[in-house]
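Take a look at the structure below.
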Amino acid sequence: MVGYLIQRLLGVALTLLVAAALIFFLLDVLPGDPARFMLGINASDESLAALRQQLGLDQPAIIRFGQWLTGLMTGDLGMSASQRAPIAELILDRMQLSLPLAFGALILSTLIGLPLGIFAAQHQGKPGDAGLMGLAQIGIAIPNFWFAMLLVVVFAVTLKWLPPGGFVPWAENPSAAFRALILPTIALALPQAAILARVMRTSLVDVARQDFIRTARAKGLSKSQALWRHGVRNALLPVLTIMGLQFAFLIAGTIIVENVFYLPGLGRLTFTAISARDLFVVRSALLVLVGLVVIIMFLVDLLYALVDPRLKKRATP
Amino acid sequence: MKNSALHLAGLMAATLFSSTALADELRLGLVLEPPHLDPTAGAAAAIDEVVYANLFEGLTRIDQNGAVRASLATDWAISDDGTRYEFTLKEGVTFHDGTSFDAEDVKFSLDRARAEDSVNAQKGIFAPITKVEVLAPNKIAIEIANPQGNFLFNLGRGDAVIVAPESAETNQTNPVGTGPFTFVDWQQGSKVILEKNPDYVGDDVYLDRAIFTFISDPNAAQNAMLAGELDGFANFPAPETLEIFEADPRFNVVVGSTEGETILATNNKAEPFNDLRVRQAIAHVIDRQAIIDGAMFGYGTPIGTHFAPHHPYYVDLLDTYPRDIERAKALLAEAGYADGFKATLKLPPPTYARRGGQILAAQLREIGIDLELINVEWAQWLEDVFTNKDYDLTIVSHVEPFDIGIYANPDYYFQYDNKAFQDLIATLNVVTDDAEREKLAQDAQRLLSEDAVNGYLFQLAKTGVWDARLSGMWPNSPVEGNDLTQVKWAE
Amino acid sequence: MSTRLLKAFSSNFAHPSFAIGFCVSLILVAFALLSLVWTPHATDIVNVANRFAAPSGNHWFGTDFFGRDILSMLMAGALTSLRVAVLAVAIGMVIGVPLGLLAAGHGGWLERLILRFNDFVFAFPAIITAIIITTLFGPSAINAMIAIGIFNIPVFARVARGGALSIWTLDYVDAARLSGLRVWQISVRHVLPNILSLLIVQATIQLSLGILAEAGLSYIGLGTQPPETSLGLMLKEAQSFFLAYPMQAIWPGVTIIAFVMGLNLMGDGLRDQMDPKLSKAGGMNVTG
Amino acid sequence: MSLAKLEQLTVRFGDREVLSRLDLEIQPGAQVGLVGESGSGKSLTALTLMNLLPERAEVSGEIGFSFDQRTKIDAAQLGEDLNFPYRGAQIGMVFQEPMTALNPLMRTGDQIGEVLALHRPENNTKAHIEALLAEVDLPAHMRTRYPHELSGGQRQRVGLAMALAGEPALLIADEPTSALDMITQRGVIDLIKRIARERKMALLFISHDLGAVAALCDQIYVLEKGKLVEHGPSQAILQSPQQAYTKRLVAAAKPTPRPAFTRTKSATPLLQVNGLTRQFRQRRWLWQRPSPVTAVDAATFELHAGETLGLVGPSGCGKTSLSRMIAGLDPAQAGEVHFDGHRFGHKQGSMPRAARREISMVFQDPFGSFDPRMRMRDALFEPLHLMPELSAEQRQERVTEAIERVGLSTDMLGRYPHAFSGGQRQRLAIARAMVLKPKLMILDEPVSALDVSIRGDVLALLHDLQEKFGMAYLFISHDLDVVRTVTDRVMVMNHGQIVERGKVDDVFDRPQAEITKKLLDARLTILG
């Protein structure tokens, strides 16, 4: 197990290194001068040169890449060119929104999706199943930002139960921060829950057809006992894989709903930085986003190995 | 299951109801978040929109009508030749960090702004200064090379505010000024919080606390207002939604004007726009009202030249080239483009450009000019259009006050090189007599209009939306900023 | 088209959800393609005086903020969305399927390399790729298409590899090897035809995801740009009028939902008809 | 008084009647066999007794049990809602697939314990579970294993322990050994036999294999397409079957008829295999040296032109791996092959193209050996890739000849594989192997998947071809009787090694190696 862990961790590190190189060198060839953008259209050449030197833009790319990598290790990502604040701080600051949002949606979608999927599988072919799966089809087809828009109109603008957007830091007012995240989390989670419910149902229906469920029933268990005791855990395995993949979509989703709810998340940080040509921030933020996806996939793999005894001695991932 | 869901909803409604504003708190929405908070080290208007007149003060200040008023300088005298200014400073003033304010701070600020390594975005303002001299702790003299018609106005702009040597370097994240509000917190990506300065020397402000919240998405802005999360937007980002607010008695919609001349900027050196007849043809075909209606939902004042209509020197030149398709076609034919031609139109992000561009393209198609619309981000616009002049046409709003002088620079991105115009501006810059200045400015306006240097579209409106119980908000913005000193809630 | 697929097609019409999905998709595709040659009104005119017109005989769904006919815009928008999704699927298939076949056929280090590459690309959700591309080249429908297409590559590579691996264990592949056929010849002659239906099912699913992804990217400004139109862009533009003119946002939203649901129902129906063992390989990608 | 009784049991799925009016009776302690081909309804009979029929089944008839007391159940009442306390308690069941019948995520001890908790909670102890494992000949430590850590036979024993845990009066075994190899199968059958005797438990043993049933049961029921064909004491059924169907089954269980193979061979070896070794390298972690698992360990033998060499061994012994290396399908990790003047193997690299046209192969499964998407014609032309020098006409001639040789006509070639029967496909597979007129043909279980009646024909065809063209055969089979009939010499493999070789009669009559003896003992054919 430890060996497997180390090997997978090396894989994660390699993936991140390649991702870092890709992001850095792609963005490095960009046109556009951050200094010019910061100082505006009437800035003089001397001020521009002064700022460029201050930002380290006059060094060769490979050296700057090395510096960036070192920075990634030590947590010192340098200063934002446009916002004049330490990048690591900016990113950490945004994470207090993006992480709870993504993970909250992951948890909520699991809490909604899995029980509904199990329910539908147990009532396969009955009206409850058909109704739920119909809803799930709609849930999958709804663009999440559009759904978010509807939520805002109903719960914020009309009913005024919840704020239509914005964010208060946790440290300042935890309950307000929580409140601010309710609608975005729902907007993200429900379409995901629809997907999970479908996957869970399909998987459980598949498992229910398998021989060991019949064996369990031959022991004297009722149908639903057999499904709960033997089916659900087995059915969760493929669902776990999907959840790992879904996380990538959740990360993408947070970037989109941040826009609807004007939340200061990583997506917003990235977009602001792009329009300011603040590549220092863009590359670090992108790498953090990619890193999140990679790490979650790694965790899912790990969980999979923990849940499924068959994988413990798997040779290569 | 269903019951518990209802119960949960009820619970949320009971415990999590949205907060309402404190009595003397103002929550103002801004479209763009400032990159930092030092107005002397950046061009972004968003900086001034937070700090101008609230956190930082200059020697002079601009009032809501665009007039120059006393600020840190209570009084001044100008020498007869117009090259030496002597200011008397307000006494007892301290910076927010407790350090005292005197003439040395003024000298430091101005010298810093005009220094070689200065990163001030408006270095031009300080270029004429030859000498800054401390006469006494409360007296300072500034000498300039030539007389400047709008020197006092310029000193009242955000770029010329007075900072303290102790805090100048950290103003970007922790701004320390002399204004009636002090800086409390900046939640990156979200908001900036200011509080009343108890030690302020001068008229007390009414508000105890001001929160600037950054919302770039027009729809989110609208929702935030409707849900009561914000008290107002000094300049609401989406004119199309104003009718909702106009119909709602909770809100006041105040339409003022800005210093933003929105123009179809034209590369006067690029084929075929170097031909006056082509530019005239375009001028003949532009339907300004249709653009204002379509892109800005009717908010905006048509302009015939590069000048703000609310300015006393403004001349109405809307009819220099009245809309006349036949005439436009004839001019094109004369210029050798009877079948029209293809060109590009680069559009920066704001709505006026993106939507206006589509309408303009539809209009120019009437005379056979086929525009390829290219959307660009600001940085790319600055690089391609502004710096490298690699463009045919673009739509942009020039938001600096009294900036007709840019046409005198042949290297400016319009690439307009007219000796007569350059002479006019040179004279205007040194003349101080008002009547004479007016005549020169009007001549300059006419010349631009007749040369059809650019397509002149409209003056950007300032569409303010705020709580009907608020007073003291500026309807116009003669200078970049949101002056909150007079803002108060109705009893 | 493979016979099995044809069979799945005809036998599935008994299956009501497949029939609905197929008809809805077909109507919407026809509707989109029609806009190539004809729309009720031109979409590049601006008639501000006539904006937000209510539905009428002339404008069935009314007009938008520029006074353009919403039906015509929907048709043109559906075409852009469809084009982005189709080309993204094409990118994914043209690159992903050979990679998957290669991995399954060659095995060894090449397979490991391709699997690593797959994992790597999976770490870049379309939106991140789109951000990078947009930062480099500016936003456009083409960039959205490339970003979604890149994301489709590992999806198809995975499905193709999974399907191909199960084909490679069969005796007829050995028979072909004994006949002296090389790996690529076997992949083309024997493997590809046998996993084609699997790929087609995956393609319908990626198509529906592509339409959704295009909408999302256009919504945050990374996708289609005016004066082009797409369903996602229409939603974005309609958003600010939502309170005053809700129908502006309802029409494109409903069109997206119908399109995506139609394709998904169709894909599900086809999948149900497939060899259950084979479809497992693709089953993991219900959501791409 | 019977322990369990079915009267006039009829099961329908929609219009399809899958069991009609079946009467069946099991006396306490009796061993009853239920025989029939797949689809004959024998599994449904078992599921009826367990009340595990699929929900959409429509059932009529009566079921009687007399465990503690007599019960009669109207079969129409069967279903999830029926109070049915016997499942797992009075009736235990073992299923066919050892790979899938156990929950992969649960330790075996826990799976057994689950039955105890349900029906014998007082016995739910570690000691009792270990005693149950001991009863099925498994060591106590198996309790903490997961199913994937066990072999097929071990899993089937765990399944048996689970079925026994409730101390049933009736054990139903549904094809419990069909998925196992011969030796394991024999072990499991003997085990069931012993336990049934010791526990004085009634047994309903379901199988398609009359041999297996004959080894276990004293009563036999024969089912065909849902109808009871014949039943009676085992001896009577086996010795004097009355119905045609039963006669066929009995014949099938007897050794395959022997076609008269002539045994000519040349003196020069066509194929020489020297120290051929196949290893699967398993590397657990990146930095570990891979530890090889040896599938074939230094196989050395020769094969003469025109000779038929048999290769037998239990499943997993490496016989298929060896043949694949010789055919050039898999690389060798050591050793070499001299074939018809060509050399290949570990050092020499893969098989030269010129050698390819001299070797062909016929596979076991006639359904998997043709691409379902390719017309038969194209499949038969495919080997001619190796003979680019032939003209189109010559190619056509070759294919026509091959087709006619296997007794089929060319006008069927436009069809896809699914349009042919299993026997036809195997003939076509032989035709495909013949197209190149190779010197060596590897036959990997060429008749195992075929109906008994067809086996003889196919073997005769192979014999015929060998006579005409003088090909050498490497004949791989687990069926010792077939090997004995068709081969000259035989090799026995076990754990990757050739453990015994010699003239076929010498080996079979005087086996030396342990595995050969076991293989011979495990045969379940009805002799006589």
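FYI, side chains are in, hydrogens and waters are out, and symmetry mates aren't considered; it's all heavy atoms of this structure.
Under the 4.0 Å criterion applied to side-chain N and carboxylate O atoms, C:R83 and C:E228 are assigned as salt-bridge partners.
In terms of heavy-atom pairs under 4.5 Å with chain C, the best-connected choice from A:L16, A:V282, A:T15, A:V290 is A:V290. Among A:V18, A:T202, A:I251, A:V294, the residue making the largest number of heavy-atom pairs under 4.5 Å with chain C is A:V18. In terms of heavy-atom pairs under 4.5 angstrom with chain A, the leader among C:V260, C:I133, C:I257, C:V254 is C:I257. Of the residues considered (C:I211, C:I256, C:I127, C:L263), C:I127 shows the highest number of contacts with chain A, using heavy-atom pairs under 4.5 Å.
Neither the backbone nor the side chain of A:S203 has a heavy atom closer than 4.5 Å to any heavy atom of chain C. Contact annotation for C:L231: neither backbone nor side-chain heavy atoms come within less than 4.5 Å of a heavy atom of chain A. For A:V239, no part sits under 4.5 Å from any heavy atom of chain C, backbone or side chain. For C:A249, the parts sitting under 4.5 Å from any heavy atom of chain A are the backbone and the side chain alike. If you measure heavy-atom distances from A:F271 to chain C, the contacts under 4.5 Å come from the side chain alone.
Using bins of under 30°, 30° to 60° and over 60° for the plane-to-plane angle, the ring pair A:F103/A:F247 lands in the tilted bin.
Contacts between residues 145-155 of chain A and chain C, counted as heavy-atom pairs separated by less than 4.5 Å, involve A:F145, A:W146, A:M149, A:L150, A:V153. Interface residues of residues 216-225 of chain C toward chain A, defined by a heavy-atom distance below 4.5 Å and sorted by number: C:G216, C:Y219, C:I220, C:L222.
A:L10 has its side chain out of reach of A:L14: every pair of non-hydrogen atoms, C-beta onward, lies at least 4.5 Å apart.
Annotation: side-chain hydrogen bond (donor to acceptor under 3.5 Å, both in side chains) contacts of A:Q137 (sequence neighbours excluded): C:D268. Not counting sequence neighbours, the partners of A:R201 by the salt bridge (Lys or Arg N to Asp or Glu O under 4.0 Å) test are A:D129.
A donor-acceptor pair shorter than 3.5 Å can be found between the side chains of C:S208 and C:N264.
Ring centroids of C:F241 and C:F52 are separated by less than 6.0 Å, placing the two rings close together. The six-membered or imidazole ring of C:F124 lies away from that of C:F151, with a centre-to-centre distance of 6.0 Å or more.
Although no hydrogens or angles enter the test, the distance criterion places no donor-acceptor pair under 3.5 Å between the side chain of A:N144 and the main chain of A:A187. Formation of a donor-acceptor pair under 3.5 Å by the C:S230 side chain with backbone atoms of C:G77 is not found in this model. Looking only at distances, no side-chain donor or acceptor of C:Q206 sits under 3.5 Å from a matching main-chain atom of C:V89. A:S284 places no side-chain N or O within donor-acceptor distance of the main-chain N or O of A:V281, the cut-off being under 3.5 Å.
The side-chain contact (heavy atoms from CB on, under 4.5 Å) with A:S98 is formed by just one residue from the set A:V288, A:L292, A:I255, A:L266; it is A:L266.
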**Report entry** Step-by-step side-chain contact (heavy atoms from CB on, under 4.5 Å) determination, A:L287 to A:W68
**Finding:** CA-CA 11 Å; A:L287 191 65; A:W68 184 45; 3.9 Å; yes
